[in-house]
Amino acid sequence: MQILLNGEPVATDARTLQELCASLGFAESKVATAVNGSFVASAKRGLAALSPKDEVEIVAPRQGG
Amino acid sequence: MLDIYGERFTSRLLLGTAQYPSPATLKQAVEASSAEIVTASLRRESARARAGQGFWELIERLGVRVLPNTAGCRTAKEAVTTAKMARELFGTPWIKLEVIANDDTLQPELFGLVEAATILVAEGFQVLPYTTEDLSAAERLVGAGCTVLMPWASPIGSARGLINRDGLKTLRAYFPDTTLIIDAGLGTPSQAAGAMELGYDAVLLNTAVAKAGDPVKMAQAFARAVEAGRLGFEAGLIEPRDMASPSTPVAGTPFFKELIFSDRSKT
């Protein structure tokens with residue numbers, strides 16, 4: 001299915017947010033996630049089923065002022 | 001000491017981590033500034049570049065407290081979601097709450113700010129809102145449960161200093177027990193000292209240090225200016241006056257009489 005990952009359209013077979021993170025190599029990474037504008041805690045990614053056209057954000061710490 | 005939600009800090013200078021020429025310079029600047037708190041943000045992580053992972057390792061090596069921000073958020077909803085992601089990533093209830101009104105001034109969008117602060121306080125966050133010197137917004141934020149306010153001095157990165165000094169002075173007088181931190185717009189150490197002389201509890205800087213010719217030296221300069229300004233405030237500043245008031249005692253001035261009776265045409 002097609003989803004929007006960090007603003008870019010991508011095709012994925014991941015059924016959950018956890019599977020998506022794992023497929024991107026983020027399973028053990030310092031990242032936080034949101035789906036369709038709502039925060040999804042790392043412990044709940046396995047319960048977050050993905051649907052076509054979902055908008056997923058995966059963010060990490062970065063320099064800031 | 002600086003009080004942030006019951007935690008106390010010796011340094012009254014908070015430093016941003018963006019725009020430094022290199023990670024090594026950032027590290028040296030933080031050390032030179034004696035800052036105990038640095039700000040950081042969240043950005044989209046690319047599976048290829050993985051830039052965030054390297055930055056996180058650097059932050060851990062700095063050994064300072066991290067104050068995550070919600071920079072770039074335009075709505076209360078975006079800011080609330082970003083704050084929740086930041087809490088999980090950085091492991092802190094602190095959030096430097098930014099809801100931005102427009103690109104030209106990067107002015108805080110006060111209505112969204114109050115809305116987001118109210119939601120986040122209710123969810124257990126300790127909110128440090130980036131606001132203006134507006135008293136009614138400040139009142140709403142304090143009413144929502146913020147015990148720290150971070151008014152701007154001038155637009156972010158503008159280096160224009162305290163453009164509404166009187167407004168900031170009023171804010172300080174109106175909220176004597178709230179921790180007030182000047183956030184944004186400071187360009188020179190003297191401006192930081194000026195903010196501290198007004199009785200502000202701390203200042204937060206980024207661009208003025210990161211973009212300086214020598215960021216490490218500038219970090220040191222700001223650290224000293226903040227300390228000097230605070231000492232000046234604590235010492236009690238004299239009131240300004242319009243006319244001169246001689247500092248040297250007038251009594252006993254040599255030639256005092258002679259001047260009165262002298263023939264001025266001879267001098």
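Throughout, a chain's letter reflects where its sequence line sits, starting with A, and its residues are numbered from 1.
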(Q) I'd like to check B/K84 versus A/S38 (side-chain heavy atoms, cut-off strictly below 4.5 Å). Are they in contact? (A) no
Q: With rounding to the nearest 0.5 Å, note down the distance linking CD in B/E88 to CZ in A/F39.
A: 4.0 Å
Q. Side chain, backbone, both or neither: which part of B/R50 has a non-hydrogen atom closer than 4.5 Å to chain A?
A. side chain
Q.
Other residues, nucleotides and ligands only: do more than 12 of their heavy atoms fall within 6.0 Å of OH on B/Y5?
A. yes
Q: Examine whether an atom of B/E98 lies under 4.5 Å from a heavy atom of chain A, and if so say whether it belongs to the side chain, the backbone or both; otherwise answer neither.
A: side chain
Q: Output the distance between atom CD (B/E45) and atom OG (A/S29), rounded to the nearest 0.5 Å.
A: 7.0 Å
(Q) Once rounded to the nearest 0.5 Å, what's the spacing between atom CD of A/Q63 and atom OG1 of B/T39? (A) 10.5 Å
Q. Crowded around B/N102 CG? As in, over 12 foreign heavy atoms under 6.0 Å?
A. yes
Q | Among B/T17, B/V66, B/I59, B/L89, side-chain contact (heavy atoms from CB on, under 4.5 Å) partner for A/P61 | A | B/L89
Q: Ignoring hydrogens and angles, tell me if any N or O in the side chain of B/N69 forms a donor-acceptor pair with the backbone of A/G65 under 3.5 Å.
A: yes
**Q.** A/K30 side, atom NZ; B/E60 side, atom CD - distance, nearest 0.5 Å
**A.** 6.5 Å
(Q) If I measure from the heavy atoms of chain A, does B/S46 come under 4.5 Å with its side chain, its backbone, both, or neither? (A) backbone
Q.
Just verifying a value: how many Å separate A/T33 OG1 and B/M85 CE, rounded to the nearest 0.5 Å?
A. 8.0 Å
Q) For chain A, which of B/A210, B/G16, B/G52, B/P68 has the most heavy-atom pairs under 4.5 Å? A) B/G52
(Q) How long is the straight-line distance from CZ of A/R62 back to CZ of B/F55, given to the nearest 0.5 Å? (A) 9.0 Å
(Q) Test side chain to side chain contact (heavy atoms under 4.5 Å, CB included) on A/E57 and B/T81; report intermediate values, then the result. (A) CA-CA 11 Å; A/E57 295 286 340; B/T81 301; over 6 Å; no
Q) Can you say whether B/A71 sits under 4.5 Å from chain A via the side chain, the backbone, both, or neither, judging by heavy atoms? A) neither
